Amino acid sequence: MLRSLSTKIVFAIVAAAVIVVAIAAVAWKSYDDRERMRVHAEAVTGGDSWRGEALFIQYGCGSCHALRDVRTATGDVGPPLDGIATRMIIAGHLANNPPNLEHWIQDPQHVSPGTAMPDLGVITGDARDITAFHYTRAK
Ligand code: HEC
C-alpha cells in the first residue's frame with residue numbers, strides 16, 4: 001500500500017516534470033522564432049525594430065491599422081498589418097521591399113496621390129525603424 005502510494009507520487013512528479021519541460025520547449029521555440037525574425041528584419045532594413053514599435057505607437061498608426069500585440073493598434077481604416085513581412089505587394093501596387101516600404105511610410109501621398117493614408121511627417125530615421133518593426137511581423 002505504502003509502496004504503491006510512493007510509486008504514484010514518483011509517477012506524478014515525473015509526469016509534471018515532463019509537462020513543464022514541454023511547455024518550456026514550446027515557449028523557447030516561439031521566443032527563438034520571434035528573435036530570429038527581429039534579427040533578420042534589422043539586418044535587411046538597417047533599422048531598430050524596438051524603437052520602430054514605439055514610433056508606430058507615437059505616430060498614431062494604430063488609429064487606422066490593427067496589429068496583434070500592440071495595444072493601441074485597433075483601427076480599421078487601413079488594412080491590418082499582421083503578416084506585412086511576408087506580403088508580396090503593399091499599398092496595392094508596390095513590391096514589398098525595404099526601400100519601398102520605407103518610402104511609403106514616409107510619403108504615401110507622393111507614392112499614391114490621393115490615397116486615404118495621410119502623410120504624417122515621418123522623418124527618415126523613424127521610417128527606417130518602423131520598417132524594421134514591420135518586418136518582424138510575419139503571419
Ligand atoms: C488615417 C488613417 C491612416 C493612418 C493614420 C496610417 N495609415 Fe497606413 N494605410 C492607411 C490606408 C487607408 C492604407 C491603404 C492605402 C492604399 O492601399 O492605397 C494604408 C496602408 C498602409 C500600409 C500598406 C499595407 C498593405 O497591406 O498594403 C502600411 C505598411 C502602412 N499603411 C503603414 C502605416 C504606418 C507605419 C503608419 C504610421 C506612421 C500609418 N500607416 C498610418 C491608413 C492610415
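Whatever order the structure lists ligands and atoms in, that order sets their numbers, starting from 1. Given the structure is predicted, the values throughout are model-derived calculations rather than measurements.
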- prompt: Which protein heavy atom lies closest to atom 21 (C) of ligand 1, and at what distance to 0.1 Å?
  reply: W104 NE1, 3.2 Å

message: Quick test: of every protein heavy atom, which one is nearest to atom 27 (O) of ligand 1, and how far off is it to 0.1 Å?
response: A91 N, 2.6 Å

field: Atoms of ligand 1 close to I90 [distance to a heavy atom under 4.0 angstrom, numbered from 1]
entry: 27 (O)

message: Assess, by modelled atom type and distance only, whether the side chains of Q106 and T124 contain a donor and an acceptor separated by less than 3.5 Å.
response: yes

field: Protein heavy atom at shortest distance from atom 29 (C) of ligand 1
entry: L101 CD1, 3.5 Å

field: salt bridge (Lys or Arg N to Asp or Glu O under 4.0 Å) contacts in which one or both residues fall within residues 61-86, not counting sequence neighbours
entry: none

field: atom 16 (C) of ligand 1 - nearest protein heavy atom and its distance
entry: T115 OG1, 3.6 Å

task: Considering only non-hydrogen protein atoms, determine which one is nearest to atom 25 (C) of ligand 1 and report residue, atom name and distance to 0.1 Å.
output: R87 NH1, 3.4 Å

- prompt: Which pairs, with at least one residue in residues 87-108 and sequence neighbours excluded, count as a salt bridge (Lys or Arg N to Asp or Glu O under 4.0 Å)?
  reply: E102-R128

query: Is the shortest N/O to N/O distance between G60 and ligand 1 below 3.5 Å?
result: no

task: Just the protein N/O/S atoms under 2.8 Å from atom 8 (Fe) of ligand 1, please, no waters.
output: H65 NE2, M117 SD

- request: Applying side-chain contact (heavy atoms from CB on, under 4.5 Å), run through L5 and I9 and close with a yes or a no.
  value: CA-CA 6 Å; L5 182 62; I9 290 171; 4.3 Å; yes

Contacts of E42 that satisfy side-chain hydrogen bond (donor to acceptor under 3.5 Å, both in side chains) - sequence neighbours left out: S49

task: Identify whether M117 and I89 are in the same connected component of the hydrophobic contact network (ILVMFWY, side-chain heavy atoms under 4.5 Å).
output: no

- prompt: Relative to the heavy atoms of A116, which atoms of ligand 1 are at a distance of less than 4.0 Å?
  reply: 12 (C)

query: Looking at F56 versus H134, is the centre-to-centre ring distance below 6.0 Å?
result: yes

- prompt: Relative to the heavy atoms of L120, which atoms of ligand 1 are at a distance of less than 4.0 Å?
  reply: 5 (C), 37 (C), 38 (C), 41 (C)

field: Full working for side-chain contact (heavy atoms from CB on, under 4.5 Å) between I90 and I84
entry: CA-CA 8 Å; I90 53 168; I84 187 81; 3.7 Å; yes

field: Distance-minimising heavy-atom pair for Y135 and M37
entry: O-CE, 3.4 Å

message: Against ligand 1, does L94 come closer than 4.0 Å with any heavy atom?
response: no

query: I130 heavy atoms, cut-off 4.0 Å: which ligand 1 atoms fall inside?
result: 35 (C)

- line: Nearest heavy-atom approach of T115 to P108 is CG2-O, 3.6 Å

message: Are more than 12 heavy atoms, taken from residues, nucleotides or ligands other than H103, located less than 6.0 Å from that residue's NE2 atom?
response: yes

